[in-house]
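For reference, the structure discussed in these notes is given below.
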Amino acid sequence: MKITAARVIVTCPGRNFVTLKIETDQGVYGIGDATLNGRELSVVAYLEEHVIPVLIGKDPRRIEDIWLYLYRGAYWRRGPVTMRAIAAVDVALWDIKGKVAGMSITDLLGGASRDSVLVYGHANGADLESTVDAVGKYIDMGYTAIRAQSGVPGVNLAYGISRGTLHYEPADAALPTETVWNTSRYLDFCPKLFDALRGVYGFTHELLHDGHHRLTPNEAAQLGKNLEPYRLFWLEDITPAENQEAFRHIRQHTTTPLAVGEIFNTIWDAKDLIQNQLIDYIR
Ligand SMILES: [Mg+2]
């Protein structure tokens, strides 16, 4: 079995959703997602210039070998663009393997172990009252877990407050959006938000919050401690994660569960966090 062609498909109005399609000499093809939020066309170039030319002629069944070839073979390893491109190849090859085997990837990897998974919705509000209302709307829709992000009094354009009709904030495609920030107001306001949410809705639902990498480790420790009475499901991205060791300080001061990882590129970015049990959830 050989890879005969591969092409990159860019689609979706208003955004660049990137799909890699790998074709074989036996008519079976696989697809993998190559979308890197805000930097989509960088991955397109990486795939077209550096990956697709070396895929042609390879045996698509050798998934691990091809992954190592692309990861170790390039002088420059890691980084979001490279890893997004390699991941798209990996998923497309698993898609081919599953189709050839006549099995879902879940079955190939051992079969399902859960009948359902917990998901959460993004509730955003310009102020405390509208955020409380937004959480209520998700509860009415049947969500059992909700992430709550609110505008902070005196802080314009705080992270997580939707500026359009989307329920998430796409990463900036050009230069970063400039916002005003005030840590002390945020630290003061955030526990009040969750106090109000628990006061209105009780403790039946899981509540989550994203700090978007804004706090120092010590400020994050303070916030985690002050949020403990409201039993968050997790506190996400509360400090920049480049320095994994920084999470030790937060961990030593709060029992609020910690989540991080959406900007990590490889398992190595989380090695110390996992090995030392410094977080509760890898995203
Ligand atoms: Mg986040």
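Just follow the structure's listing: the first ligand is 1, and inside any ligand the first atom is 1. Any value given below was found using the heavy atoms of this structure, including those in side chains, with hydrogens, waters and symmetry copies removed.
- Under 4.0 Å is where a charged nitrogen must lie from a carboxylate oxygen, and between Asp210 and Arg147 at least one such pair does.
- No option in Val91, Asp90, Val89 other than Val89 meets the side-chain contact (heavy atoms from CB on, under 4.5 Å) test with Leu93.
- Cluster note: Trp234 groups with Leu118, Tyr120, Leu208, Phe233, Tyr281 through ILVMFWY side-chain heavy atoms spaced under 4.5 Å, whether in direct contact or through intervening members.
- Within Asp210, the N/O/S atom positioned nearest the Mg ion (ligand 1) carries the name OD2.
- Counting only residues at least two apart or in different chains, ring pair (Phe, Tyr, Trp, His ring centres under 6.0 Å) contacts with residues 25-48 comprise Tyr46-His50.
- Looking only at its N/O/S atoms, Asp237 has OD2 as the one nearest to the Mg ion (ligand 1).
- Its N, O or S atom nearest to the Mg ion (ligand 1) is what matters here, and for Glu236 that atom is OE2.
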